[in-house]
Amino acid sequence: MKRIAKTLVLAMISAGPLTVAAGMVRPSMTADAAGDCSALSVGNRNNYEGDVIYQVLTDRFADGNPANNNPYGKPNAYDPARTDINRYFGGDWQGLAQKMPYLAGMGIGAVWISPPYNNLDDAYLENGNYYNGYHGFWAKDYFVPDEHWGSWADFDALVEAAHAHGIKVIIDFAPNHTNHVDSVENAGFYRDGLLVGRYSSDTQGYFHHLGERGNDQTSDYDFQYRDLTKLADLSTENDAVQRYLTDAMSTWLAHGVDGIRNDATLHQTEAFRTVFADEINRQGGAFHFGEYFIGSPDPKYDDYRTSPEATGINILDFEFANISRDVFGSFSKDMNDLSHMLEYTAADYKYENDAVTWLDSHDKSRLASIQGNQGVLHSALAFLLTSRGTPVIYYGTEQYMTGSNGDAGRKWMGSFDTTTPAYQMIRKLADLRAENPALRYGGTTTRWVNQDVLVVQRKFYGSVVVVALNRSGATYNLTGLTTDLPAGTHQDVLTGTHSGGPLVANADGSVATYELGPSEIGVWSYVEPVGGNPKVGAVGPTQGAPGYSVSIDGSAFGMPGTVTVGGVAAAIECWSDDQIIFTVPAVGSGEQPVVVQNDMGQSNSFAYKVKTGSQTQVIVHANVTTVPGEQIYLVGNVAELGAWDPAEAVGPFFNPEYPEWFLPVSMPGGEQVEFKLIKKSSDGTVTWEGGNNRTYLVPNTGATDSPVYTWQP
Ligand code: NOJ
Ligand code: NOJ
Ligand code: CA
C-alpha cells in the first residue's frame with residue numbers, strides 16, 4: 001500500500017511544479033481536490049511506523065562541496081585525512097543529497113541529520129585539546145545554516161532531493177543549551193547574525209546560571225536547571241528564549257522539514273517540552289521524538305516511559321536499545337531478557353509503536369565493536385527492523401563500521417557498498433514494514449524462547465509476521481511452536497540469505513518442527529486480504545487542541561466515511577485506504593477515543609489527548625511552608641491541570657529558595673482557568689488549600705510569570 005502511495009507521490013512530484021520544496025513555504029498538507037491523502041507531497045509527516053529512519057552525522061557522511069570544508073580557514077578545524085575525530089571532515093548537505101539513491105535503495109523512509117544550524121565557529125579548547133562542533137550540538141545561531149553543511153539553497157536542495165526519493169527529512173534540534181560557558185563566544189547566541197546574549201553579561205536572564213550539574217540521578221531540578229558538560233543551560237522560562245526557540249524551529253519547518261529529533265529532553269522542563277511540541281502540532285505536526293536519556297535500570301524509568309503522554313514528544317527507545325545491546329553485543333543478557341523487555345515496555349508505554357528504536361548511535365560504542373560475529377549482528381538488525389516502533393539505522397551500521405566509544409563511532413563513512421548482507425536485509429525488511437501492517441501497528445507476543453533463541457509474532461488483526469532468531473552457534477529444534485499464520489507453507493521473506501527456510505503452518509496453529517541453525521534468521525509474513533472493518537493502527541500526533549490536523553494510519557479505510565473524536569464528528573482533510581487526516585473538533589478536553597466509521601463498519605478506538613487550547617507556559621510562583629516530605633502541586637479545572645483530580649495534579653514544584661516554590665506549567669492560552677494548590681505528603685495524603693478557587697487568565701502565547709500565591713489556610 002505504502003509503496004504504491006510513494007510511487008504516486010513520486011509521479012506527482014516529477015509532474016507537478018516544484019516551487020514549494022525550494023521556497024519558504026512548507027509543502028502543503030492539503031490533498032488534491034478529491035481529498036485523497038496519497039496526493040500529499042511526501043507521504044506521512046506524523047506517523048513514521050512504516051518507515052526506517054537513517055541517522056547521519058552530516059559532517060561524517062559525504063562531501064559534495066570541498067569549498068566549505070573549512071569556511072573560515074580556522075586552524076585546528078579541519079582534517080583532510082579524516083582521522084582526527086575532533087575536527088571537521090567536510091561532509092555536507094550537497095554530499096548527502098547525492099547519496100539519496102543509496103538511501104532509497106536501502107528502503108529508507110526518513111533521514112535524520114545533525115543539528116543544521118550555525119555552531120561555534122572556533123574550536124573549543126579543553127585540557128590542551130581542540131574540539132570542534134562538527135556534531136552540531138554547540139549552537140551559536142539557530143536561524144541560519146551552518147556554513148560547513150551549506151547555504152539555505154543547499155538545505156532546500158537537500159529536502160527536495162530527499163522528497164523526490166520518497167525520503168522525509170528529520171533535523172536534530174537542541175533547545176536545551178547553546179555552547180560552552182567558557183567558549184570564545186561565552187555561550188553567546190545570535191538571531192540571523194545579530195547577537196542576542198552571552199553568558200557572563202546576561203542582563204536579560206537568558207541562561208540559568210546554576211553551574212555544572214553533578215551526578216545526581218534523582219533531582220529533576222538538577223537535570224533541568226544546571227549545565228550539561230558546561231553547555232550553557234537556556235532559561236526556557238524566559239519569554240524571549242521560548243519565542244527564539246519556537247521561531248527557530250518554525251523557520252526550519254517552513255523549509256520543508258518533516259520531523260524533529262529533540263536533543264536532551266531529559267534536561268528540559270516538562271512545561272517547555274509540552275509547549276514546544278504543541279507549537280509544532282499547531283503548525284500541522286511533524287513527527288517529534290526526544291532523547292530522554294536513561295540507563296538500565298534507571299530511577300528515571302517512570303518519567304521516561306510516561307514522557308510521551310505528558311509532553312507529546314515520542315521517545316528514543318533507550319530501554320529497547322540498552323537491553324538489545326546487552327543481548328546481542330556483550331551477551332551480558334540473554335533472549336529471555338529481550339522477550340521480557342518487549343512484554344513490559346508494551347505494558348508500560350502508552351504508544352509503544354511510536355517509540356523510536358535503535359541499536360547504534362553517535363553516543364555509544366558501535367555494536368560491531370562489541371560483537372565481532374556478523375551472524376549475531378544480523379540477528380540484532382533483524383530484531384530491530386521487525387520490532388514495534390520506528391527503527392533507526394545509524395550511518396555505517398550497514399557497512400559494519402566500528403568505533404569503540406561514542407566519539408570513535410563517528411568515523412568517515414567512506415564505503416557505500418549496496419551489496420552488503422546488512423544493506424540487503426534492511427531493504428527487504430523496510431519493504432516488509434511498508435507491506436505488512438503487523439510490523440507497523442501490531443502487538444508482540446513471544447512464541448518460543450531460550451537463552452539463545454527468540455521467536456516473536458507481530459500481529460495486527462489478520463496480518464501476521466513471525467520472526468525467528470538464533471544468536472548462537474548451536475542448532476535448536478523449535479518444538480511446540482504455534483503461530484497465527486494461516487495453514488500452508490510460508491517462504492522466508494529474507495529468501496534464505498540468513499539460512500531461513502519455509503515454515504509449514506497447520507490449521508490448528510501448530511507448525512511442523514522447525515530446526516533453527518547457527519545464526520539463522522527466519523521471517524514469515526502474511527497480509528490479510530483488504531476489506532472488512534476499518535482498522536486504526538496509529539494516530540499522530542497523539543495530542544493537540546481543537547483545530548489541529550491529525551493523521552490516522554491503518555487499513556481498510558475504504559470509501560470516505562466519518563471520524564469521531566469523543567463522539568463528535570471531525571472535519572476530514574483527506575481520506576485514502578491507509579490514511580486519513582482530520583481536524584480536531586470542539587470536544588471536551590482530556591483523553592478521547594478516535595473512531596473511524598465507513599460503509600463496512602466501525603474501527604477500533606485509539607486514545608487521543610484533547611487539549612483545551614494551544615499551550616502557553618505559565619511559571620507559577622507560590623509561598624508555602626511545609627513539613628519535611630511534603631510537596632506542592634497544582635490542580636485545576638481543565639485537563640491540563642488535572643481536572644480537579646489530585647492524582648493528575650501538576651508538580652511537584654521546585655523550592656531552591658524555600659519557602660518560595662515555583663513550577664513552569666503548560667496551560668491553555670486564552671482560557672480563564674481555576675485552580676488550587678495542594679500539598680502531598682510522603683505517604684500520599686493530600687491537603688487542599690482553603691478559600692475560593694484561584695482564577696487566572698492565561699495569556700494567549702509566550703511564557704509568563706504568575707503572581708506569587710500564598711497558601712490559603
Ligand atoms: C545528546 C547528544 O546526543 C549528544 O551527542 C550531545 O553531545 C548532547 N546531547 C549535548 O547536546
Ligand atoms: C474540591 C476541593 O476540595 C475544593 O477546595 C476545590 O475548590 C474544588 N474541588 C474545585 O471546585
Ligand atoms: Ca564540504
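All residue numbers refer to positions in the sequence shown, counting from 1. Read the numbers this way: they start at 1 and go in the same order the structure lists the ligands and their atoms.
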Protein contact to atom 9 (N) of ligand 1 [nearest heavy atom, distance to 0.1 Å]: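 The closest one turns out to be Asp263 OD1, 2.8 Å.
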
Residue, atom name and distance, where the atom is the protein heavy atom closest to atom 7 (O) of ligand 1: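 Minimum-distance protein heavy atom for atom 7 (O) of ligand 1 reads Phe137 CD1, 4.0 Å.
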
Would you call [X] and [Y] a salt bridge, taking side-chain N to carboxylate O under 4.0 Å as the test?
X      : Y      : value
Asp51  : Arg440 : no
Lys140 : Asp121 : yes
Arg226 : Glu212 : no
Arg191 : Asp141 : no

Selection from Asp363, Asp172, Asn179 by shortest heavy-atom distance to atom 3 (O) of ligand 1: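 Going through Asp363, Asp172, Asn179 one by one, Asp363 has the nearest heavy atom to atom 3 (O) of ligand 1.
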
Separation between OG of Ser183 and CD of Glu126, rounded to the nearest 0.5 Å: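 These two atoms lie 11.5 Å from each other.
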
Where the Ca ion (ligand 3) is the vertex, angle from Asp63 OD1 to Asn65 O to 10°: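 Here the angle at the metal atom is close to 80°, to 10°.
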
Angular separation of Asp92 OD2 and Asn69 OD1 about the Ca ion (ligand 3), given to 10°: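 Asp92 OD2 and Asn69 OD1 form an angle of 170° at the Ca ion (ligand 3).
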
Residue pair Phe189, Phe207: steps toward the ring-ring contact (aromatic ring centres under 6.0 Å, His included) verdict: CA-CA 11 Å; Phe189 65 114; Phe207 297 104; 5.7 Å; yes

Per-atom contacts of ligand 1 with [X], taking only distances under 4.0 Å to non-hydrogen atoms:
X      : value
His362 : 2 (C), 3 (O), 4 (C), 5 (O)
Arg410 : 5 (O)
Glu291 : 1 (C), 2 (C), 3 (O), 9 (N)

Where on [X] is there a heavy atom closer than 4.0 Å to ligand 1, on the side chain, on the backbone, on both, or on neither?
X      : answer
His177 : side chain
Arg261 : side chain
His267 : neither

Metal proximity, Asn68 vs the Ca ion (ligand 3), N/O/S cut-off 3.0 Å: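 For Asn68, the answer is yes, given that an N, O or S atom comes within less than 3.0 Å of the Ca ion (ligand 3).
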
Check: Gln94/Gln98 side-chain N/O donor and acceptor closer than 3.5 Å: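 No pair is found: no donor N or O on one side chain lies under 3.5 Å from an acceptor on the other.
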
Side chains of Lys230 and Asp227 in contact at under 4.5 Å (non-hydrogen atoms):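 The answer is no; the side chains never approach within 4.5 Å.
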
